[in-house]
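See structure below.
Only heavy atoms go into these numbers, but all of them, side chains included; no hydrogens, no water, no symmetry mates. Here is the naming used below: chain letters follow the sequence lines, and residue numbers restart at 1 for every chain.
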Amino acid sequence: MSPTSEQLLTYADGALLLSHRLSEWMSNAPTMEEDIALGNIALDLLGQARGLLQRCAAEIGGDEDELAYFRDSEAFRNPLLCELPNGDFAHTMVRQLFADAWFAGVWAVLAADDTVDADVRGVAEKAIKENAYHWRHSSAWVVRLGDGTDESHRRTQEAVDALWPFRGEVASDEWYARIEPVLAEATLTTPGRDAWTQRGSADGWHTEHLGYLLAEMQSLARAHPGASW
Amino acid sequence: MSAWDVLATVPDPEIPVLSVVDLGIVRAVDESDDKRRVVVTLTPTYSGCPATEVIARDVRAALEASYDEVDVRTQLSPPWTTDWMTDAAKEKLRGFGIAPPAGRVTLPLLNTGAPAACPRCGSESVEELAGFGSTPCKALWRCRTCQEPFDYFKVH
């Protein structure tokens with residue numbers, strides 16, 4: 001069955017907001033190399049979001065900028081995970097691990113779906129390879145931090161505990177199968193697959209963090225509608 | 001000059017040693033019978049690569065000298081891959097100080113490859129400094145022999 005524009009919007013909004021969150025690290029990352037890595041990943045996600053938003057706009061009206069900059073929080077369909085604040089570096093990496101594992105499944109399904117139009121399939125086929133590099137980065141960091149010093153282990157475990165309740169909108173058997181070996185190698189424990197989870201974005205319910213993110217992301221476009229340079 | 005010859009003179013803005021033809025992003029060129037109109041189809045390298053729009057603009061500008069009407073189109077599927085770079089292009093990269101992609105893409109992309117040798121001194125003793133580099137297509141590596149850091153064009 002071909003994905004609905006609502007489903008595509010979920011993927012597009014997830015990529016867009018996660019891209020914005022990662023961009024908040026620019027000039028603040030622990031090292032220069034990490035600044036560059038997070039910038040690159042943010043750029044890939046932004047490109048993926050644009051490709052899908054253009055497709056969504058063709059179906060539901062407007063253009064990619066209107067969808068990105070002129071919708072309010074209740075119209076966003078991203079998994080809550082993607083809008084959560086960066087926290088410390090361990091928190092950002094665990095969030096990225098969870099999101100990368102979700103996107104891996106998303107892109108694989110879209111790329112293999114014959115009913116999807118060529119442009120969406122093209123976005124997915126491209127994103128599969130980009131995602132592989134993102135996953136390589138996030139999983140390496142989670143293992144290094146979790147199986148690192150007492151301090152890095154403590155912070156990474158705190159990140160897993162804090163983010164685990166937000167896995168509900170991205171988790172599947174496949175997702176757990178990707179995540180669990182990494183967390184085990186990182187000597188981290190999880191509350192388990194049956195633990196309670198938060199949901200809401202499908203109905204337009206978001207965390208309190210999204211409003212602040214949108215205020216920053218959208219203010220320029222709203223102050224100068226249609227501006228270009 | 002044919003449209004392909006013109007395109008062979010349009011450099012990649014980030015890696016000017018390569019033309020857009022070397023890079024393998026030109027998918028099709030269709031000239032009208034009277035040679036006044038041309039349609040060029042490009043495939044972007046990376047989803048968010050900022051060079052994509054610059055390349056489309058440069059391609060248009062280069063062809064407008066020879067054609068009345070230039071149409072630059074984008075085709076996303078099948079996606080660009082480093083497998084489409086010619087061997088000559090890889091040699092140009094090496095000469096420019098960038099280690100070319102080592103190996104072909106196989107999905108799932110579990111083995112992301114490693115440069116065969118330092119592009120400066122040829123030593124095979126190299127190590128990765130960072131998986132991401134100065135542009136989306138590159139990673140940062142270092143030669144253990146000459147100690148020089150260098151860019152590696154990732155298998156993609």
Side-chain angles (χ1 to χ4, degrees), chain A residues 12 15-16 19 22-23 29 31-55 103-105 107-108 110-114 116-141 178 228, chain B residues 14 24-25 27-28 41-55 57 73-84 101 103-114 127-142 149-156:
Chain A
L16 176 67
S19 170
L22 292 178
S23 77
T31 64
M32 180 85 83
E33 288 80 2
E34 204 45 46
D35 226 81
I36 290 169
L38 296 175
N40 268 290
I41 295 166
L43 205 52
D44 286 342
L45 289 166
L46 184 62
Q48 294 159 7
R50 288 187 61 191
L52 295 183
L53 285 176
Q54 287 164 8
R55 175 65 177 67
F103 278 122
W107 302 133
L110 286 182
D113 187 343
D114 290 339
V116 171
D117 74 57
D119 281 348
V120 172
R121 204 167 57 244
V123 171
E125 288 166 343
K126 174 96 288 185
I128 283 174
K129 292 187 281 183
E130 291 164 347
N131 174 267
Y133 281 99
H134 302 173
W135 170 260
R136 178 175 179 261
H137 181 255
S138 61
S139 58
W141 265 118
R178 288 194 182 96
S228 64
Chain B
E14 302 275 10
I25 63 171
R27 306 311 313 286
T41 306
L42 303 176
T43 295
T45 51
Y46 278 71
S47 301
C49 187
T52 304
E53 288 173 24
V54 179
I55 289 172
R57 201 184 60 204
R73 295 180 185 169
T74 302
Q75 181 186 321
L76 298 180
S77 183
W80 174 82
T81 162
T82 44
D83 294 350
W84 294 349
R104 296 177 69 82
V105 173
T106 48
L107 293 178
L109 195 58
L110 299 177
N111 180 6
T112 50
E127 62 184 342
E128 186 184 72
L129 293 180
F132 294 87
S134 54
T135 64
C137 55
K138 288 179 282 186
L140 188 62
W141 283 64
R142 176 169 57 197
F150 63 89
D151 279 330
Y152 167 52
F153 205 110
K154 293 189 271 194
V155 171
H156 196 84

Stacked cation flag B:K154 on B:F132, 6.0 angstrom / 45 deg: yes
A:N40: partners by side-chain hydrogen bond (donor to acceptor under 3.5 Å, both in side chains), with sequence neighbours left out: none
Heavy-atom contact with chain A under 4.5 Å, split by part of B:T74: neither
Most contacts with chain B, counted as non-hydrogen pairs under 4.5 angstrom, among A:E34, A:E125, A:E33, A:R50: A:E125
Residue list, salt bridge (Lys or Arg N to Asp or Glu O under 4.0 Å) with A:D119, at least two apart or on another chain: none
Heavy-atom pairs under 4.5 Å with chain B, option from A:G51, A:A37, A:A49, A:A118 with the top count: A:A37
Heavy-atom closest contact (B:T52 atom, B:Y46 atom, distance): OG1-O, 4.2 Å
